[in-house]
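In this text the structure is predicted, and so the values were computed from the model without any measurement.
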2 protein chains.
Amino acid sequence: MERDKDKTKKKIIEALAQLLAKSGFSNIGINAIAREAGVDKVLIYRYFGGLSGLFAAFAEEENLFPKPDMIKKTGEVKLSSDLAEISKNFIRHYCNMLRKRPVTREILRWELIERNELTDSLAETREKQGLQVIALFDNYTEIDFPVVASVITAGITYLSLRAKTANVYSGIDITSDKGWERIEQGLVSLIDKMFPKNHLQKEADS
Amino acid sequence: MERDKDKTKKKIIEALAQLLAKSGFSNIGINAIAREAGVDKVLIYRYFGGLSGLFAAFAEEENLFPKPDMIKKTGEVKLSSDLAEISKNFIRHYCNMLRKRPVTREILRWELIERNELTDSLAETREKQGLQVIALFDNYTEIDFPVVASVITAGITYLSLRAKTANVYSGIDITSDKGWERIEQGLVSLIDKMFPKNHLQKEADS
DNA sequence: TTGACATGTCACCGGCCGGTGACTATATTG
DNA sequence: CAATATAGTCACCGGCCGGTGACATGTCAA
C-alpha cells in the first residue's frame, strides 16, 4: 500500500493516456483504467468523481494540442511573413503535430463518435486556434479562405486518423514519413497556386 | 411464426441498416440486431454464420457508395469537359452523396476505428473509384494532383462525419444545407484557381 | 496512547454481452 | 399418414461491465 493520493491520481491519469495510445477509446472504462493503473477502481470514483471528472483532469494535465510557434503565448500572431508563408507553416506544424501525437489522434477519433469532457475540451482549443489563424486572412477575398483552410485541415486530420486502419488513400501512402512529406509538399505547392506572388512572375514561368 | 427464411434474412439486414442510421456502429451486436429485427439471435448465426457473414451480405445488398454519373457503368470515364469541370462535378457529387447517406457515413466512421467485412468492402470500392478519377489527371503535373484530391475528399469526409458531434468547424457551419453549399462553392473556386483557363483570361480579370 | 480520518482492498450486485444446446412448430415428401 | 427436414423459440452459460457497501490499514493530531 503506497498511501500517496497524488501519486495514485497521477498513476490513474497516466493509465488513461497509456490505454488511449495502446488501444484507442473503445476499451476505455472504469475497470480497464483501474486495471492498467494497478489501482482499485473505487479510487477513480473517490478522487475524480467517475470517468467524467477523470477526463476533465486529464484534459487539463496533458498538452494535447500545442499551439503552433506562430501563435505566441499572448495569443498574438507573428506577422513576419506573407500569407502564403503563414499557411505553409501552419500546414507543416499541423501535420507534424498530429503525426507525433497518438493520444491526440485518439481523442480526435473519439470526437467523431461521441462527446465528453475530453473531446469537448480539445475541440474548444482547436476551434479557437483555427479562428485565430483564419482571422489573418480576413481581407483576402479572392477565394473563401475559411472554407479552404477548413477542408485542408480536416483532410489532414482525416488522413492521419485513417492511417490506423489503412495504408493507402487514393494511392497516397499515409503511413510512412515519406508519404507525409509528399502530402506536405503537395499542399505547399497548392498554397503557392492560391497565393501567386504577382502576375508578372506568374507570366514569366509559363 | 412467419416461416419464411428469405424474408427473415431481409429483416435482419434491414435491422442492421436501421441500427447504423439510428445509433451508429457502437451499439451494433448480435443481440441488438436481433432485437431490432424482432428475431431470435440464433438465426443470425444460422443464416449468416455470425456478424461477419451478415456484414458481407449487407455490403453486397446495399448501394452504399454509388459511382458518380461521370463514371459510366462500363468503368469508362466521360471526358466531355475539361479537368476543372470534372473536378467540380466530382466534388459536388461527393458532398451530396455523403450528405444524404447516413448509413454510408456511419460505415466511414466505423472504418476509422476498426476493420471488418463491411468497412473493407466499402473502402475497396472507394479506393478503386478514387484512382479511376485521379488517373484522368496523370499528365497534369503542375501540382501533385493525387495529394490535393486526397486531402480535399478526405476533408469533405471528415467534415461530414464531424457534423454528428459538432455544428461548426473553424467557423464553418457543417450541419446545414446552407453551410454545405458554401463549402462546395468555396472548393469550386479553389479548383478554378488550380486550373486557370489561360493566362490571358487570368490577366484580364485582374 | 488513543481516537479520528484518509487511503486503499475486497466482495458483491444487476445488467448486458456473445454464444450454444435443446426444444417446438410447421412444411414437405414419400 | 408418417417421417424428416426446416424455421423459429427458449433457457442457460460464462464473462465483462459500471457501481457500491463493508472492511482493513496506515497517518496524524489531541
Side-chain angles (χ1 to χ4, degrees), chain A residues 1-20 22-59 61 106 109-110 113-120, chain B residues 1-20 22-59 61 106 109-110 113-120:
Chain A
M1 259 202 291
E2 277 265 3
R3 272 195 110 59
D4 184 333
K5 182 175 178 179
D6 286 344
K7 202 172 168 187
T8 302
K9 285 174 86 169
K10 205 147 229 164
K11 271 204 290 185
I12 294 172
I13 290 180
E14 274 166 13
L16 174 53
Q18 275 294 110
L19 264 185
L20 275 177
K22 198 201 307 174
S23 55
F25 64 89
S26 0
N27 301 321
I28 296 293
I30 292 282
N31 288 302
I33 296 172
R35 205 180 305 128
E36 175 81 22
V39 145
D40 196 282
K41 61 180 171 179
V42 82
L43 300 182
I44 298 180
Y45 292 103
R46 278 225 266 255
Y47 295 158
F48 300 101
L51 269 191
S52 306
L54 173 56
F55 289 161
F58 181 75
E61 188 100 348
E106 289 312 316
R109 212 185 298 278
W110 205 346
I113 313 296
E114 62 177 30
R115 297 181 52 175
N116 58 48
E117 284 73 8
L118 236 181
T119 61
D120 280 0
Chain B
M1 258 200 290
E2 278 265 4
R3 267 194 113 60
D4 184 334
K5 182 174 177 178
D6 287 343
K7 202 172 165 186
T8 301
K9 284 173 86 169
K10 206 148 228 163
K11 271 204 290 186
I12 294 172
I13 289 180
E14 274 165 15
L16 173 53
Q18 276 295 110
L19 264 186
L20 275 176
K22 198 200 309 174
S23 55
F25 64 90
S26 359
N27 301 320
I28 296 293
I30 292 283
N31 288 301
I33 296 172
R35 204 181 306 127
E36 174 81 21
V39 144
D40 196 281
K41 61 179 170 179
V42 82
L43 300 182
I44 299 179
Y45 291 104
R46 281 226 268 266
Y47 295 158
F48 300 100
L51 268 191
S52 306
L54 173 57
F55 289 162
F58 181 75
E61 189 100 348
E106 289 313 316
R109 210 184 300 277
W110 205 347
I113 313 295
E114 63 177 30
R115 296 180 53 174
N116 58 46
E117 285 73 9
L118 235 181
T119 60
D120 280 0

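- Listed here is the closest heavy atom pair of B:L54 and B:F48: N-CB, 3.5 Å.
- Heavy atoms of A:V42 sit under 4.0 angstrom from at least one base atom.
- With rounding to whole Å, A:K5 atom NZ is found 16 Å from D:dC28 atom C1'.
- As rounded to whole Å, 14 Å separates atom P of C:dT20 from atom CG of B:D40.
- Both B:G50 and B:R46 sit near DNA chain C, but only B:G50 has its closest nucleotide nearer the 5' end.
- The aromatic rings of B:W110 and B:F25 lie parallel to each other, their planes meeting at an angle below 30°, with 60° marking the opposite boundary.
- Separating the CG atom of B:L43 from the P atom of D:dT9 is a distance of 7 Å, rounded to the nearest angstrom.
- Distance B:K10 NZ to D:dG8 P: 15 Å, rounded to the nearest Å.
- Judged by atom type and distance alone, A:R3 reaches the base of D:dT25 through a side-chain donor-acceptor pair under 3.5 Å.
- For the pair B:A57 and B:I13, the tightest heavy-atom approach, listed with the atom from each and the gap, is CB-CD1, 4.1 Å.
- For the pair A:L51 CG and D:dG18 C1', the interatomic distance rounds to 9 Å; values are reported in whole Å.
- Atom NZ in A:K7 sits 10.5 Å away from atom CD in A:E14 (nearest 0.5 Å).
- Separating the CD1 atom of A:I44 from the P atom of D:dT20 is a distance of 14 Å, rounded to the nearest angstrom.
- Whole-Å rounding puts the A:Y45 OH to D:dC17 P distance at 12 Å.
- Distances shown here put a side-chain N or O of A:T8 below 4.0 Å from the OP1 or OP2 atom of C:dG8.
- Between A:I113 and A:T119, the closest side-chain pair of non-hydrogen atoms is not below 4.5 Å.
- Applying a 4.0 Å cut-off to non-hydrogen atoms, the residues of residues 28-38 of chain B that approach DNA chain C are B:G29, B:I30, B:N31, B:R35, listed by residue number.
- Considering CG of A:L16 and CD1 of A:I28, their distance stands at 5.0 Å, rounded to 0.5 Å.
- If B:D4 and A:K41 are placed on DNA chain D by their nearest nucleotide, the residue sitting closer to the 5' end is B:D4.
- A salt bridge links B:E106 and B:R109; the closest N-O separation between the charged side-chain nitrogens and carboxylate oxygens is under 4.0 Å.
- Nucleotide C:dG18 holds its C1' atom 15 Å from the CG atom of B:N27, rounded to whole Å.
- Not one side-chain nitrogen or oxygen of A:Y47 sits closer than 4.0 Å to the OP1 or OP2 atom of C:dA6.
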